[in-house]
Chemist: 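Questions regarding the structure given below will be posed in turn.
Residue numbers begin at 1 in each chain, while the letters A, B, ... track the order of the sequences.
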Amino acid sequence: MKKILANAYLYLLLVILYAPIAIIVIFSFTNSKTIGDWKGFSLDLYASLLTGGAQHASAISTALLNTIIIALIAASLSTILGSVAAVGIFNIKNRKVRQAIQFTNNIPMINPDIITGISLFLLFVSLGISGGFVTVILAHIAFCTPYVVLSVMPRLNRMNPNIYEAALDLGATPFQAFRKVIIPEIKPGMISGFILAFTLSIDDFAVTLFTKGSNGLETLSTYIYADARKGGLTPELRCLASIIFLTVLILLIVINRRSRKNETKTTY
Amino acid sequence: MKLSNLITKRSNWVIPYVLFLILFTVLPLLLIGVYAFKSNDGGFTLQNFVKFATQSEALNTFIYSIGIALITTVLCILIGYPAAYILSNAELNRNKTLVMLFILPMWINVLMRSLATVALFDFMHLELGEGALIFGLVYDFLPFMIYPIYNTIQKIDKSYIEAAQDLGANKLQIFTKVIWPLSIPGIVSGILMVFLPTISTFAISEILTLNNKRLFGSIIQDNIMMSDTMNYGAALSLIMLIIIALTSVISNKEDDNINEGGLI
């Protein structure tokens, strides 16, 4: 009895939690201006989103492309920066220095987006750099890299430190030892870090808004914000929202599977 | 030769990231402080803070935001704690996928989730406003409360519970004397993850109340984007930062494991 009540509570919460998303997805499959007005099943909205038939479609597809390019570049660069940094942090002997770096690494994760966004906005203003692609990517690297560091660190903790030394003793250059010994060990962490960074970047709204400048650069989030602010949502955006929900969902399931796989591996 | 020595020492590999952190994390935060005390002609001033204390709009919004954030946080604890407890209790739930379903929405853009809330209210023909705002905020931040509490309860050493049982505690006593006190660090991290972002929210309140109710984040955004009120915006951000720092310091005493790992 207790179990039934407990589960009923959980499922009720889940229904409430997912109802709004479900409504958007459902009403992306009907050609109506407003949500709640079901006009029969149709893929018209998807078609007009993809073919550019809609009035705003070209703006939407540009925003989509920007979002993906920014996420790919930012995630790649933060994976490199974060992985190298993790190896460095791992080898710092001085406890205080190590803690100080780890503390600073945590700042972007604790700060609300708006503070990260505003602080970077002020940085670019005072350096006289006008906002655009480069500033957005730098900002995204700034809040993504901490997560990469955190995904790579556990792999290093688990690694046998003697293997690297052994490679050096056997005549490998540090670069070779890094490529042949360390990279294979931390690779799963790097991949998880990359996916995490990619997801965070796609998902970001506040930081992008403050660093994108006024030259008309829009990502999906900022475009949707501008659109929603004008009142009402362009119907095609329902499709886009559905696609994004699905993408994020798949990426997260992948990350989750990966981390669970790693867990089971270590128990052996 | 010198360069290769620099590279061979692996602790030096952290240097590029340290430089990056200084330039893109530490320096920007310091700049908030610098701009906050700057007048429009470039001199030092406290005028921005005087303006905050005397101008009713910002101050009222600030107090209103704290009120809304408190309500949201309390509701999240009331709704989230039982959920986290059930999820972490092996007798009641063994399903790991269920846990993931609760955590997933954390990773969907806040803006998207707010628009989804608007869609839900439209669909049910409910009016947008304060009610929608609180519903939307609880909806947005509930996973951030459930996750840390779930994590903490899960880590409680089962032998404590067995020991309590052996010593004759009943189920209620086990909960009030063992599980509840040990889950407090989780609640503290949950509060940190709900309360602070709620105050600084900007887009959510605009969308959910049709721009009628504004939270502190909106005021910051309005001012910082205008060149003539940028310093005032920075002062408001600094006030926000101080609250964050205070909350983190207080909660860090309670919660040592906040830095323990990522969110997944």
Side-chain angles (χ1 to χ4, degrees), chain A residues 3 6-7 9-10 13-14 17 19-21 23-24 34-36 81 84-85 87-89 91-93 101-102 104-108 110-112 114-115 118-123 126 138 142 145 147 150-151 174 196 199 203 205 221 224-225 228-229 233 241 244-245 248-249 252 255-256 259, chain B residues 7-8 10-18 20-21 24-29 31-32 35 79 82-83 86-87 92-93 98 100-101 104-105 107-113 115-117 119-120 122-123 139 142 196-197 200 202-203 206-207 217 220 224 234 237 240-241 244 248 259 261-262 264:
Chain A
K3 198 172 171 179
N7 273 310
Y9 181 70
L10 288 187
L13 269 186
L14 278 181
L17 224 46
I21 298 170
I23 287 174
I24 286 203
T34 54
I35 280 175
L81 184 64
V84 173
V87 174
I89 294 173
N91 285 289
I92 293 175
K93 298 285 180 302
I101 295 172
Q102 282 176 323
T104 320
N105 188 54
N106 281 332
I107 294 178
I110 297 173
N111 265 345
I114 187 171
I115 296 293
I118 284 175
S119 66
L120 286 161
F121 168 77
L122 291 175
L123 175 75
S126 48
L138 283 171
T145 314
Y147 291 89
L150 277 197
S151 348
L196 204 56
T199 317
D203 221 30
F205 161 62
S221 316
I224 291 171
Y225 177 60
R229 241 189 167 185
L233 203 58
I244 295 174
F245 287 143
V248 173
L249 208 82
L252 286 170
I255 302 177
N256 204 280
S259 65
Chain B
I7 296 174
T8 317
R10 273 174 298 157
S11 58
N12 286 336
W13 291 16
V14 80
I15 292 172
Y17 187 48
V18 167
F20 185 87
L21 276 175
F24 291 102
T25 300
V26 179
L27 184 64
L29 288 177
L31 279 174
I32 292 183
Y35 278 86
I79 300 170
I86 298 169
L87 284 173
L92 299 171
N93 170 57
L98 218 53
M100 204 178 112
L101 280 176
L104 267 186
W107 294 94
I108 294 169
N109 192 316
V110 173
L111 196 66
M112 291 280 205
R113 279 182 284 154
L115 285 169
T117 312
L120 180 73
D122 277 354
F123 182 69
Y139 167 66
L142 188 61
L196 294 175
S200 62
F202 59 105
E206 291 165 27
I207 292 170
I220 297 182
I224 202 98
S237 312
M240 184 73 219
L241 253 181
I244 295 169
S248 314
N259 301 333
I264 283 199

Chemist: Nearest 0.5 Å please: distance from the OH atom of A:Tyr225 over to the CZ atom of B:Phe202.
Modeler: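 Result: 6.0 Å between the selected atoms.
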
Chemist: Chain A: which of B:Thr25, B:Leu27, B:Asp122 shares the most heavy-atom pairs with it under 4.5 Å?
Modeler: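 Looking at each of B:Thr25, B:Leu27, B:Asp122 in turn, B:Thr25 comes out on top.
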
Chemist: Give, as side chain, backbone, both or neither, the part of A:Ile23 having an atom under 4.5 angstrom from any heavy atom of chain B.
Modeler: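 Side chain only.
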
Chemist: With a 4.5 angstrom heavy-atom cut-off, which part of A:Ile24 approaches chain B: side chain, backbone, both or neither?
Modeler: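 Side chain only.
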
Chemist: Side-chain contact test, heavy atoms from C-beta onward, threshold under 4.5 Å: evaluate it for B:Tyr35 versus A:Ser126 and give yes or no.
Modeler: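 B:Tyr35 reaches A:Ser126 side chain to side chain.
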
Chemist: Shortest non-hydrogen contact from A:Ile101 to B:Val18?
Modeler: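 Residues A:Ile101 and B:Val18, closest heavy atoms: CD1-CG2, 3.8 Å.
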
Chemist: Between B:Ala234, B:Gly217, B:Pro16, B:Ser200, which residue shows the highest count of heavy-atom pairs closer than 4.5 Å to chain A?
Modeler: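 Heavy-atom pairs under 4.5 Å are most numerous for B:Ser200.
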
Chemist: Under a 4.5 Å cutoff for heavy-atom pairs, which residue among B:Ala203, B:Ala116, B:Ala83 has the most contacts with chain A?
Modeler: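 Maximum pair count with chain A is reached by B:Ala116.
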
Chemist: With only heavy atoms counted, which part of B:Ile15 is less than 4.5 Å from chain A, the side chain, the backbone, both or neither?
Modeler: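 Contact with chain A involves no heavy atom of B:Ile15 at all.
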
Chemist: Taking every non-hydrogen pair under 4.5 Å, which of A:Ile92, A:Asn7, A:Leu17 racks up the most with chain B?
Modeler: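 Heavy-atom pair counts peak at A:Leu17.
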
Chemist: A:Thr145 versus chain B, heavy atoms under 4.5 Å apart: side chain, backbone, both or neither?
Modeler: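 A:Thr145 touches chain B through backbone and side-chain heavy atoms alike.
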
Chemist: Are any non-hydrogen side-chain atoms of B:Leu31 and A:Phe121 less than 4.5 angstrom apart?
Modeler: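 No, too far: nothing below the 4.5 Å cut-off.
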
Chemist: So which of A:Ala85, A:Ala241, A:Ser151, A:Pro108 has the biggest tally of heavy-atom pairs under 4.5 Å with chain B?
Modeler: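 Most heavy-atom pairs within the cutoff with chain B belong to A:Ala85.
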
Chemist: Heavy-atom cut-off 4.5 Å, strictly under: side chain, backbone, both or neither for A:Tyr9 against chain B?
Modeler: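 The side chain, not the backbone.
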
Chemist: Please flag which part of A:Ile89 lies under 4.5 Å from any non-hydrogen atom of chain B: side chain, backbone, both or neither.
Modeler: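 Both the backbone and the side chain of A:Ile89 come within 4.5 Å of chain B.
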
Chemist: May I ask you to name which of A:Leu13, A:Ile107, A:Thr199 has the most heavy-atom pairs under 4.5 Å with chain B?
Modeler: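 It is A:Leu13.
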
Chemist: Examine whether an atom of B:Phe20 lies under 4.5 Å from a heavy atom of chain A, and if so say whether it belongs to the side chain, the backbone or both; otherwise answer neither.
Modeler: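 Just the side chain, heavy atoms under 4.5 Å.
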
Chemist: Nearest 0.5 Å, please: how far is CG in B:Asn12 from CG in A:Asn91?
Modeler: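 So the CG of A:Asn91 and the CG of B:Asn12 are separated by 10.0 Å.
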
Chemist: Search all heavy atoms of A:Ser119 against all heavy atoms of B:Ile32 and return the closest pair with its distance.
Modeler: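 Here A:Ser119 and B:Ile32 meet closest at CB-CD1, 3.8 Å.
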
Chemist: Would you mind reporting whether A:Val84 and B:Tyr17 have side-chain heavy atoms less than 4.5 Å apart?
Modeler: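 A side-chain contact under 4.5 Å is absent here.
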
Chemist: How long is the span from the CD1 atom in B:Ile220 to the CD1 atom in A:Ile114, to the nearest 0.5 Å?
Modeler: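 Interatomic distance, B:Ile220 CD1 to A:Ile114 CD1, rounded to 0.5 Å: 5.0 Å.
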
Chemist: Taking the side chain as every heavy atom from C-beta outward, state whether B:Leu98 and A:Leu14 have any pair of such atoms under 4.5 Å apart.
Modeler: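 Touching, per the 4.5 Å side-chain cut-off.
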
Chemist: Given heavy-atom pairs under 4.5 angstrom as the criterion, report whether the side chain, backbone, both or neither of B:Ile224 touches chain A.
Modeler: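 Both parts, heavy atoms under 4.5 Å.
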
Chemist: Roughly how far, to the nearest 0.5 Å, is the CD1 atom of A:Ile21 from the OH atom of B:Tyr139?
Modeler: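 Going from OH on B:Tyr139 over to CD1 on A:Ile21, the span is 4.0 Å.
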
Chemist: Would you give the length of the straight line joining atom CG of B:Leu115 to atom CD1 of A:Ile224, rounded to the nearest 0.5 angstrom?
Modeler: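 The CD1 atom of A:Ile224 is 7.0 Å from CG of B:Leu115, to the nearest 0.5 Å.
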
